[in-house]
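Worksheet: one structure, shown below.
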Amino acid sequence: MLQMLAISSFSPKYHPYVQHSRCVKTHQPPATHIHGVLNSGQGKKYAVKCSENSFYPTNKITERNDVVYKPFSNNDHFPAVTLQDGYASKSEDGDENSKNVLLKNLNALYRFIYPYACFGHLIATTSNSLLPVEKLADLTPTFFIGLLKPLVPLLLMHIYGAAVNQVADVEIDKVNKPYMPLASGEFSMETGIAITWISALTALASAIMLRSPPLVLGVIVWLFISTAYSAQLPFLRWKGNSFLAAVCAVFMCGLIPQVPFFFHVQKYVLGRPMEVTKPLMFASAFMTCISVAIAFVKDLHDVEGDREHGIQTLSVILGKEKVLWLSVYMLSTAYGAAVLVGASSSFLLSKLVTIIGHATLLLFLWHRARNVDLSNNASIFSFYMFIWQLYYAEYLLIHFVR
């Protein structure tokens, strides 16, 4: 915010053409300099300074020991007024700066929460919440309200996971991801810690308010896994171990967005007994596989920073190329299994969509994998985002598994 000094500021609302004001002649430097001859007979030049809080139709001119009241007349001429230092008014500057600060903070928050992962979790939860639906009569307004309510703790859970990871990895991110808000200094460490605590507490509170044991358990497990993955505490910091990092990915992307929300809708929205269905088993198994692949590919563009800080990810141990193709083979196996599941279906539409859909995605996967430049982080990140697109697409196909 610019400091608006009295000796160099001007606001149009005090201009005599806008409204009459009480003006005092003084020999000290005026707030806004208006140079002109007020009394042509005496030939004296004065500087006129206008008061901010008095508005009268008369002009009071003070000259040492005498006071002369001179009313304005129609023949009076006022000299042009110019901005002395080019400043805008306080209110205009304040509004503009406040708007810029707000937009900057919103942009930083948007990047802070990893929007692509947040979008993926929202799609996952919404899609899995539709799996218990058996007939069109289930799609009532009450159902959709019950479907939307769990999205609140889900969003807060995701924010906690992103926040605790960045707070713990701020020094590593200065090497791997210097554009992130904490690493770049856009957010202070205190802001990051505040977001972490607030999101954790509100996620748990919102789940408890819904009175759904599956949701409460899901939130608790998510908070624990997120903390165990990132926090530098005894027996934690699981991201430093390839196996434990994969376990975290299985829970956070493969199981928690599926199972608790499925059972919540099945039991506490539709009022049916909790039971495991074929679509739920397929979704959990397939998403577990794709979640591990996401975890492996994610580390490809973080090798430099991880190696520098002693984090032994699979990419650091085996190298980028081996981990890339390990992930591709893993996803290929999952898509092959999905084709077999589709072929075993007794419904023609389910069979066609499941087989053709998964075979097409498998072809796209191999085409993109062959064009990855492992020496270019931008190319690696593009492939990583493509895996997330496969993740999104699967939540459409799982509804045809019958």
Rounding to 0.5 Å, atoms CG (Leu324) and CG (Leu374) come to a distance of 5.5 Å

In terms of heavy-atom contacts, Arg307 and Val316 come closest through N-CG2, 4.2 Å

Strictly distance-based, threshold 3.5 Å: is any side-chain N or O of Ser184 a donor or acceptor partner for the main-chain N or O of Pro181? yes

**Report entry** Exam field: side chain Arg111 to backbone Leu106, donor-acceptor pair closer than 3.5 Å
**Finding:** no

Which of Asn176, Thr313, Ile380, Leu314 passes side chain to side chain contact (heavy atoms under 4.5 Å, CB included) with Asp299? Answer is Thr313

In terms of heavy-atom contacts, does CH2 of Trp325 have more than 12 from other residues, nucleotides or ligands at under 6.0 Å?
yes

_Check: Gln166 side chain, Phe112 main-chain N or O, donor-acceptor pair, under 3.5 Å_ = yes

Q. Cut-off 3.5 Å, side chains only: do Ser332 and Trp366 have a donor facing an acceptor?
A. yes

State, without any angle test, whether Ser291 and Tyr391 hold a side-chain donor-acceptor pair at a distance under 3.5 Å. no

>> With a 6.0 Å cut-off on the ring centroids, do Phe400 and Phe347 count as close?
In response: no

Exercise. Do the rings of His301 and Phe381 sit parallel, tilted or perpendicular, given the 30° and 60° boundaries?
Worked result: perpendicular

Legend entry - Test item: Thr202 side-chain N/O and Ser199 main-chain N/O as donor-acceptor pair under 3.5 Å: yes

inquiry  = For a 4.5 angstrom cut-off between non-hydrogen side-chain atoms, does Leu362 reach Leu365?
reply    = yes

Here the gap from Phe261 atom CZ to Ser212 atom OG, rounded to the nearest 0.5 Å, amounts to 9.0 Å

Please check if any side-chain donor atom of Ser382 sits under 3.5 Å from a side-chain acceptor atom of Arg368, or the reverse.
yes

ring-ring contact (aromatic ring centres under 6.0 Å, His included) for Phe386 and Phe364? Distances and angles first, verdict last. CA-CA 10 Å; Phe386 172 72; Phe364 280 124; 7.3 Å; no

Heavy-atom closest pair (Leu155 atom, Cys118 atom, distance to 0.1 Å) is CD1-SG, 3.3 Å

When every non-hydrogen atom of Glu186 is compared with those of Lys104, the smallest separation belongs to OE1-CE, 4.5 Å

Hey, is CG on Leu103 packed in by over 12 heavy atoms from elsewhere, all under 6.0 Å?
yes

Under 3.5 Å, side chain of Gln232 to main-chain N/O of Ala168, donor-acceptor pair present? yes

Considering only NZ, NE, NH1 and NH2 on the basic side and carboxylate oxygens on the acidic side, decide whether Lys320 and Asp373 come within less than 4.0 Å.
no

- Task: Compute the ring centroids of Tyr392 and Phe119, then answer whether they are less than 6.0 Å apart.
- Result: yes

| Is atom OH of Tyr179 surrounded by more than 12 heavy atoms (other residues, nucleotides or ligands) closer than 6.0 Å? | yes

Query raised in the report: Do Tyr395 and Gln258 have side-chain atoms, one donor and one acceptor, less than 3.5 Å apart?
Result: yes

Has Arg237 got a side-chain atom pairing as donor or acceptor with Ser230's backbone, closer than 3.5 angstrom? yes

Closest heavy-atom pair, Cys289 versus Ala334, reported as atoms and distance to 0.1 Å, is SG-CB, 3.6 Å

Taken to the nearest 0.5 Å, the spacing of Glu321 CD from Leu300 CG works out to 11.0 Å

In short, Gly161 meets Trp222 closest at the heavy-atom pair N-NE1, 4.3 Å

**Parallel, tilted or perpendicular: rings of Trp388 and His121 (30°, 60°)** = perpendicular

Side-chain donor/acceptor of Ser206 to backbone N/O of Ala203, under 3.5 Å
yes

Quiz item: Just by distance, do the side chain of Thr191 and the backbone of Phe187 share a donor-acceptor pair under 3.5 Å?
Solution: no

Counting only heavy atoms from other residues, nucleotides and ligands, does the tally under 6.0 Å from NZ of Lys267 exceed 12?
no

query = Does a side-chain N-to-carboxylate-O contact under 4.0 Å join Lys177 and Asp169?
reply = no

